[in-house]
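Written out below as C-alpha cells is the structure these notes cover.
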Amino acid sequence: MKTIYFLRNALMVFAVLSFSSCSSDDNDNRVTDPNLERPTVETQLTLDNAPIMDGSDSTEPLRNLLMCRLLGIECKWLQHLATNATWGIVPLWNKLSDEDKTILQQILQNRNTHGSFVSLIDGENDIIITARGISRDEQTYANEKGVTLLSRPVAKDAFVFIVNPKNPVRNLSIEQIQKIYTGEIRNWQEVGGNDATINPYIRNANSGSQEKMETIVMNGLTMIDWPEMVGYVMLSPYYQLEQDENGIAYTPFYYYDTIVNDDRTQVIGVNGVMPDKSTIKNGSYPYVTEVMASVRADVDKSSTAYQLFYQLATGQHDKIVNESGYVICE
C-alpha cells in the first residue's frame with residue numbers, strides 16, 4: 001500500500017471574478033482582490049445556520065472534515081467498502097441525535113463537480129469546494145441564468161496519469177501524452193514500453209478530470225473520440241486499468257494518493273518529475289492544479305456561506321486543509 005502522508009485517525013457567469021493564485025507568499029492575506037468584501041458580520045457556525053456545502057467527489061473528505069471541525073462533530077477516516085474500499089472522512093453518525101443527523105446530511109451534499117456548479121448557479125446549494133474552476137459549459141449555463149460566481153483557491157492538487165502496475169513505463173513527456181491522446185502514438189514501444197497497443201481511457205464531458213485534460217494538457221488539441229474508452233465515475237480509471245495492462249488514464253493526485261490509496265494503479269512522472277506533495281508544493285510537477293471554493297456573487301455578505309468562503313479564501317482554515325491531506329496554498 002502506498003504511504004499515506006497523514007494519520008487516518010487524525011483527523012459565467014457573465015464573468016467569474018478574478019481570483020488570487022495559490023502561489024501568494026502572504027498566507028494570511030492571500031486575497032487582495034478588492035471585489036472580495038469582508039463579511040459584514042461574524043456569526044458562530046452551528047447546525048442551524050450552516051450553509052449547504054457541495055462539491056467534487058475528490059474534495060468530499062475536505063468538506064466533511066471542515067464542517068465537522070467547525071461544528072465540533074467527531075469524525076474519522078473510514079474505508080467505504082461499497083465503493084471498492086476507497087477512503088473518506090465520515091462523521092460519527094451514531095454520536096448524533098436523529099435530528100442532528102438529518103440536518104448534517106442535508107448540509108453535506110455531494111453532487112460531483114459539474115452537478116455542484118449547476119446547483120450553485122441554480123441556488124440549490126450555498127458554497128462548493130471543487131477540484132477545478134467553472135467549466136466552459138457551466139459558464140454558458142451561468143451566462144444564460146445571469147449568474148456570476150466568486151471563486152478562490154483553497155488548496156493545491158495535481159493532475160496525474162496512471163497505468164497498470166505491470167506496465168514498465170514510469171515517465172512520459174508532455175508531448176508524448178498529447179500524442180497518445182490525439183492518436184499519433186499508438187504503441188507503448190514508441191515511448192519505451194512493451195510492444196502493445198495503447199488504450200487511452202478518458203472521462204465524461206464536464207467531469208473535473210475531463211475538463212482539466214482538455215484545457216491544461218491538450219491545450220486545444222483534439223482528443224481521440226472513442227466512446228468505449230469513456231469512464232463515467234471517479235473510480236472508472238481504476239476499474240479500467242486494474243483489468244488492462246496496456247491502458248493509461250488520468251485522475252486528481254489527491255484522489256489517487258489519499259482516497260483510493262491502493263496498488264491497483266501506478267502513477268507516472270511527467271517530464272521526468274513524479275507527482276508528490278513536495279513537487280506539488282514547489283511547482284516542479286508540470287500539472288499542479290488548484291482546489292477552488294465558490295459562491296454566488298450575489299450571496300448575502302452576512303451569511304455563514306460567505307463567511308466560510310472568505311475564511312477559506314484568506315487561509316484561515318489552512319490547518320484543516322492540511323489535516324485533510326491537501327497541500328495548502330502558501
Side-chain angles (χ1 to χ4, degrees), residues 1-6 58 84-87 131-132 156-203 207-210 212-219 221 223-224 226 229-231 234-290 325-327:
M1 179 170 288
K2 307 179 190 78
T3 302
I4 202 160
Y5 294 100
F6 50 91
S58 59
N84 203 16
T86 57
W87 288 89
R132 60 159 170 79
K156 291 183 180 181
D157 197 2
F159 188 69
V160 302
F161 292 85
I162 53 177
V163 297
N164 184 287
K166 293 181 181 179
N167 189 326
V169 173
R170 288 293 177 266
N171 179 77
L172 291 170
S173 69
I174 290 174
E175 183 180 11
Q176 287 171 332
I177 292 169
Q178 291 173 335
K179 286 185 175 181
I180 286 172
Y181 276 95
T182 59
E184 295 178 67
I185 293 178
R186 294 293 296 117
N187 193 296
W188 280 110
Q189 200 169 42
E190 298 179 64
V191 292
N194 298 324
D195 183 10
T197 300
I198 300 173
N199 297 321
Y201 293 100
I202 64 176
R203 285 294 314 280
S207 66
S209 295
Q210 191 62 21
K212 287 179 184 177
M213 182 63 179
E214 293 177 9
T215 56
I216 70 173
V217 179
M218 300 308 290
N219 196 24
L221 297 173
M223 295 180 66
I224 297 172
W226 285 345
M229 306 303 286
V230 177
M234 285 293 293
L235 275 171
S236 292
Y238 301 88
Y239 295 140
Q240 292 162 330
L241 293 179
E242 191 174 22
Q243 305 298 323
D244 187 357
E245 293 182 24
N246 300 314
I248 184 172
Y250 38 83
T251 188
F253 176 76
Y254 181 84
Y255 196 84
Y256 164 85
D257 186 65
T258 302
I259 295 179
V260 175
N261 187 239
D262 63 22
D263 297 321
R264 78 183 82 173
T265 60
Q266 172 65 51
V267 72
I268 62 174
V270 177
N271 280 1
V273 181
M274 287 294 289
D276 58 34
K277 283 194 170 183
S278 63
T279 59
I280 292 171
K281 185 175 182 178
N282 65 28
S284 59
Y285 180 72
Y287 296 127
V288 174
T289 60
E290 292 178 330
Y326 274 113
V327 176

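- Judged purely by atom type and a 3.5 angstrom limit, E242 has no side-chain atom pairing as donor or acceptor with the backbone of T265.
- What you find for P286 and V273 is that their closest heavy atoms are CD-CB, 4.4 Å.
- In terms of heavy-atom proximity, D157 sits nearest to P252 at OD2-CB, 3.5 Å.
- With hydrogens and angles ignored, the 3.5 Å screen pairs no side-chain donor or acceptor of K212 with any backbone N or O of Y287.
- Across all non-hydrogen atoms, the minimal contact from G269 to P275 is CA-CD, 4.3 Å.
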Step-by-step side-chain hydrogen bond (donor to acceptor under 3.5 Å, both in side chains) determination, Y238 to T251: CA-CA 9 Å; Y238 301 88; T251 188; 3.0 Å; yes

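- Remark: the backbone N or O of Y201 is paired with a side-chain donor or acceptor of Y181 at under 3.5 angstrom.
- Screening T197, N194, D195 against N187 for a side chain to side chain donor-acceptor pair (under 3.5 Å) leaves a single residue, D195.
- Paired with L172 under the rule side-chain contact (heavy atoms from CB on, under 4.5 Å), one option of I268, I185, V163 passes, and it is I268.
- In this structure the side chain of T279 never reaches within 4.5 angstrom of the side chain of M274, judged on heavy atoms.
- The shortest heavy-atom contact between I248 and L241 is N-CD2, 3.5 Å.
- Under a 3.5 Å cut-off, the side chain of T182 and the backbone N or O of K179 do form a donor-acceptor pair.
- Taking the six-membered ring where the residue is Trp, Y250 and F161 present perpendicular rings, their angle passing 60° and hence far from 30°.
- Considering all non-hydrogen atoms of both residues, G325 and Y254 come closest at C-CE1, 3.7 Å.
- Between the side chain of R186 and the main chain of I180, no donor-acceptor pair closer than 3.5 Å is present.
- In this pair, F253 and Y256 present their aromatic rings tilted. The plane angle is within the 30 to 60° band.
- Closest approach of K156 and Y326 over heavy atoms only: O-CD2, 3.7 Å.
- No side-chain heavy atom of N164 sits less than 4.5 Å from a side-chain heavy atom of D244.
- Put simply, the side chain of R170 gets close to the backbone of N167: a donor and an acceptor are under 3.5 Å apart.
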